[in-house]
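Each remark here refers to the structure printed beneath this line.
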Amino acid sequence: MRKHPILWVAILSVGLLASCGGTTSSVISSASAVSSSSLSSSVASSTMSNSSSSLEPSSSSPAPVLSKKTADFYFGSSAAKASIDLYFADGVGDLPYLQINDELLLYFTTLLGFGQSTVTISKADSKLTLTTPKGASMVIDFVKKTVSYSDFDTFYCRATSTSPLDLLAHTGFDDSGNPAYFERESNGFFFKGEEEAKVFDLGAYNIPMIYENDEGYLPLATFSDLFFGPNGTGIVYNGFAVFFNISIAAYGDTYYPDSLATDKVSETLARFNYDELCFNFDSFYGLFKKRGLDNFDSYFERLGYKEDMLSTNTLTAETAEAKAMFHGFSEAHSGFLMASAYTGEKFNPFNDDYLGPSLADRFALSKEYKAARTKGLGDDFLPYQEVDKTAFITFDEFAGNGVKDYYKNPVTTVTQESDTMALVEYAHKKITADGIENVVVDLSNNGGGEIDACMYITAWMVGQAEINIVDAVTGSTSTSIYKADVNMDNKFDDTDTIKDKNLYCLISPTSFSCGNLMPFMLKASGNVTLVGQKTGGGACVVAKLANAIGATGQFSGHNVLSTLKNGIYKDVDDGIDPDVVLTNKATYYNRTALASYLATLK
């Protein structure tokens with residue numbers, strides 16, 4: 001790798017924001033359009049190979065011939081890029097490897113917030129032992145073809161986290177070291193699972209691994225799934241360059257060079273693409289056990305899509321993958337959303353014809369609730385409204401403040417485009433100044449979003465946010481508790497909450513992911529009345545998805561959102577019932593009548 005612009009550090013930090021939503025449909029609708037253009041060069045032509053077994057040299061197997069290529073590495077936009085060294089084995093020009101070295105691992109530790117403190121590497125007996133600044137290790141064994149951990153959850157733990165399953169991305173401090181936005185409370189809980197010493201058998205999936213001249217190499221897609229995937233993000237190779245997988249649409253024309261739109265990849269890449277996808281889902285899909293799965297290879301075969309998923313024709317393969325997720329998984333956290341550069345923009349993976357029944361029903365309900373709101377409030381309603389002594393605040397998604405500093409630039413007005421934290425700050429000022437007695441938070445069209453923003457509004461409403469997590473990989477459980485600074489005084493006290501008001505939350509079957517989690521947290525406080533219909537579930541923190549061909553999307557990751565009662569953690573996937581049922585969608589958005597009705601519930 002070459003020296004990179006400082007911007008990539010900030011972009012990596014933004015990329016670490018944990019998300020428990022939105023739905024695949026909301027991600028598609030918010031993505032900007034991408035058009036094709038030509039780039040002046042392309043990857044070397046691929047040669048065909050019938051084997052994707054490990055390339056570990058032995059006395060009976062010649063060492064692979066490695067070729068090196070320096071490629072562009074883009075971070076968040078086409079304007080921000082560095083360089084990265086890729087390696088190709090035995091002339092297969094479309095399956096890149098990465099050398100596991102200090103420069104490469106600096107990206108990983110920067111993502112975790114450790115700055116220049118990188119992973120230490122020791123080498124012995126065809127093994128690489130990688131140790132993080134927190135002391136957890138990963139051993140990559142190129143003979144046994146395994147990856148093993150001393151402590152899986154701690155290996156991926158952020159620098160500022162109070163426990164290995166502390167998912168809050170905000171550090172809790174500003175650049176000057178002053179308390180800001182969040183305070184992590186000391187009365188949380190972490191219980192180490194029985195499988196912290198996790199072992200992944202890459203050989204069982206025929207994942208190729210190379211150890212040559214005392215250096216270790218993994219396929220780029222495998223490196224991404226192992227190092228970035230557990231924290232919800234990743235990197236992807238489009239056949240020409242490498243991209244940090246925040247939003248592929250943000251790269252515009254750069255991701256789709258015309259020279260790559262051939263619909264063809266080598267047999268080696270086609271086979272590896274399938275094997276790596278099975279490994280990724282078997283290892284990190286958060287609903288694996290709940291669905292009663294043995295392995296995804298068998299699942300894809302029983303669905304009838306395996307043969308096409310193995311095709312060297314990328315349009316055929318990506319169509320089958322999209323159908324397997326949207327029709328097979330049929331849950332709104334998981335799906336391919338953007339085609340690979342090999343297939344190009346002619347293919348839209350998000351197709352109504354691919355939806356399974358439960359997913360189709362969910363999206364149809366979402367349209368009905370949005371239509372009812374438009375009829376009742378119009379398209380241009382303000383997210384903060386007052387009806388006498390009742391305030392209505394609408395959150396369709398949970399979005400953090402990003403790089404905006406509300407301590408230096410206080411919020412004075414809001415629109416439908418305002419982020420969650422801005423809207424909370426504005427509402428807090430108005431509620432205090434206007435003598436509001438009743439507060440109704442409307443999540444009836446909320447498809448989820450960033451966990452940080454969800455914790456912020458929850459702490460504002462009830463004094464603190466308590467989030468419960470189960471790691472599906474290790475069995476570890478965690479309860480993390482946060483307070484929020486809403487009045488921007490760098491303190492965390494009762495002046496930051498509205499818990500003394502009459503509090504209500506509007507929910508519906510389209511309240512999904514974080515829009516489903518928040519009502520659970522509000523209900524547990526005993527201080528908020530849930531009004532509407534049962535929420536739509538969605539139990540997993542979302543992980544970015546990129547296959548080895550370069551198609552991208554998202555899936556239900558391994559951190560499972562849960563409730564805690566009598567010491568027992570239970571996932572929130574079944575949704576939560578309201579305290580007060582609304583049977584007519586129009587009632588949600590007749591705010592004068594609803595305010596009057598809620599007043600009778602006191």
Side-chain angles (χ1 to χ4, degrees), residues 24 52-53 94-97 147 200-209 218-230 232-239 245 248 265-288 291 293-331 333-343 347 349-350 354 472-473 540 542-558:
T24 48
S52 64
S53 59
D94 54 4
L95 174 50
Y97 294 76
V147 175
F200 292 124
D201 186 353
L202 299 188
Y205 295 87
N206 296 315
I207 304 299
M209 305 168 69
L218 289 176
L220 181 146
T222 306
F223 179 87
S224 177
D225 290 342
L226 285 172
F227 284 85
F228 292 115
T233 185
I235 56 175
V236 57
Y237 181 65
N238 74 335
N245 189 11
I248 295 302
V265 293
S266 68
E267 291 181 9
T268 301
L269 178 57
R271 179 75 229 189
F272 169 70
N273 178 64
Y274 178 81
D275 290 339
E276 181 64 30
L277 191 65
C278 288
F279 164 71
N280 193 20
F281 286 160
D282 281 357
S283 303
F284 300 117
Y285 182 59
L287 299 177
F288 185 87
R291 284 178 174 267
L293 298 175
D294 294 321
N295 60 77
F296 272 93
D297 177 49
S298 172
Y299 180 69
F300 291 143
E301 187 167 25
R302 285 182 286 129
L303 282 173
Y305 297 127
K306 178 177 178 178
E307 182 177 353
D308 282 350
M309 290 172 72
L310 284 163
S311 176
T312 59
N313 182 291
T314 58
L315 178 59
T316 299
E318 289 173 48
T319 300
E321 290 173 348
K323 289 179 178 179
M325 295 190 73
F326 287 123
H327 188 266
F329 291 24
S330 199
E331 49 100 350
H333 269 157
S334 300
F336 279 100
L337 304 176
M338 301 286 287
S340 72
Y342 295 109
T343 301
F347 175 59
F350 190 73
Y354 301 161
V473 173
C540 296
V542 168
K544 290 290 186 181
L545 175 63
N547 67 10
I549 291 174
T552 58
Q554 64 183 47
F555 71 102
S556 291
H558 64 100

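Residue numbers run from 1 in the order of the sequence given.
The two residues Tyr342 and Gly239 have their closest heavy-atom pair at OH-CA, 3.3 Å. In terms of heavy atoms, Ala339 sits closest to Pro349 at N-CG, 3.8 Å. When all heavy atoms of Leu95 and Pro219 are compared, the closest pair comes out as CD1-CB, 4.4 Å. Here the closest non-hydrogen pair linking Glu331 and Arg291 is CG-NH2, 3.4 Å. Across all their heavy atoms, Pro96 and Tyr237 have their closest contact at CG-CD2, 3.4 Å. Summarising the geometry of Phe223 relative to Ile235, their closest heavy-atom pair is CD2-CD1, 4.3 Å, with the distance given to 0.1 Å.
By the 4.5 Å heavy-atom criterion applied to side chains, Leu287 and Cys540 are counted as neighbours. Within the 4.5 Å cutoff, no side-chain heavy atoms of Ile207 are placed close to those of Leu218. Residues Leu277 and Leu545 form a side-chain contact, since some pair of their non-hydrogen atoms from C-beta on lies under 4.5 Å apart. Counting heavy atoms from C-beta outward, Asn245 and Phe228 have side chains that stay 4.5 Å or more apart.
In this structure, the side chain of His558 engages the main chain of Pro230 through a donor-acceptor pair within 3.5 Å. Using a distance-only test at 3.5 Å, with no hydrogens or angles considered, no donor-acceptor pair links the side chain of Ser556 to the main chain of Gly286. A donor-acceptor pair under 3.5 Å is absent between the side-chain atoms of Ser311 and the main chain of Ala317, judged by distance alone.
Just one residue in the list Phe296, Phe555, Tyr354 forms a ring pair (Phe, Tyr, Trp, His ring centres under 6.0 Å) with Phe329, and that residue is Phe296. None of Asn313, Thr312, Thr319, Thr314 except one satisfies the side chain to side chain donor-acceptor pair (under 3.5 Å) rule with Thr316; the exception is Asn313. Each of Asn547, Thr343, Asn273 was evaluated against Glu318; a single residue qualifies, Thr343, per the side chain to side chain donor-acceptor pair (under 3.5 Å) test.
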(request) Please step through side-chain contact (heavy atoms from CB on, under 4.5 Å) for the pair Asp201 and Tyr205, ending with a clear verdict. (result) CA-CA 7 Å; Asp201 186 353; Tyr205 295 87; 5.6 Å; no
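From Asp275, atom CG reaches atom CG of Asp282 across 10.5 Å, with rounding to the nearest 0.5 Å. Atom CD of Glu276 and atom CG of Asp225 lie 4.5 Å apart (nearest 0.5 Å). Distance OG1/Thr222 to CZ/Phe200: 12.0 Å, rounded to 0.5 Å. In this structure, OH in Tyr305 is found 13.5 Å from OH in Tyr274, a value given to the nearest 0.5 Å. To the nearest 0.5 angstrom, Ile248 atom CD1 is 4.5 Å from Thr552 atom OG1. For the atom pair CD (Glu301) and CG (Leu310), the distance works out to 9.5 Å, reported to the nearest 0.5 Å.
The distance between the ring centers of Phe326 and Phe350 falls below 6.0 angstrom.
Scored by the ring-ring contact (aromatic ring centres under 6.0 Å, His included) test, Phe347 finds no partners at all (sequence neighbours excluded). Scored by the salt bridge (charged side-chain N to carboxylate O under 4.0 Å, His left out) test, Lys306 finds Asp297 as partners (sequence neighbours excluded). Annotation: salt bridge (charged side-chain N to carboxylate O under 4.0 Å, His left out) contacts of Asp308 (sequence neighbours excluded): none.
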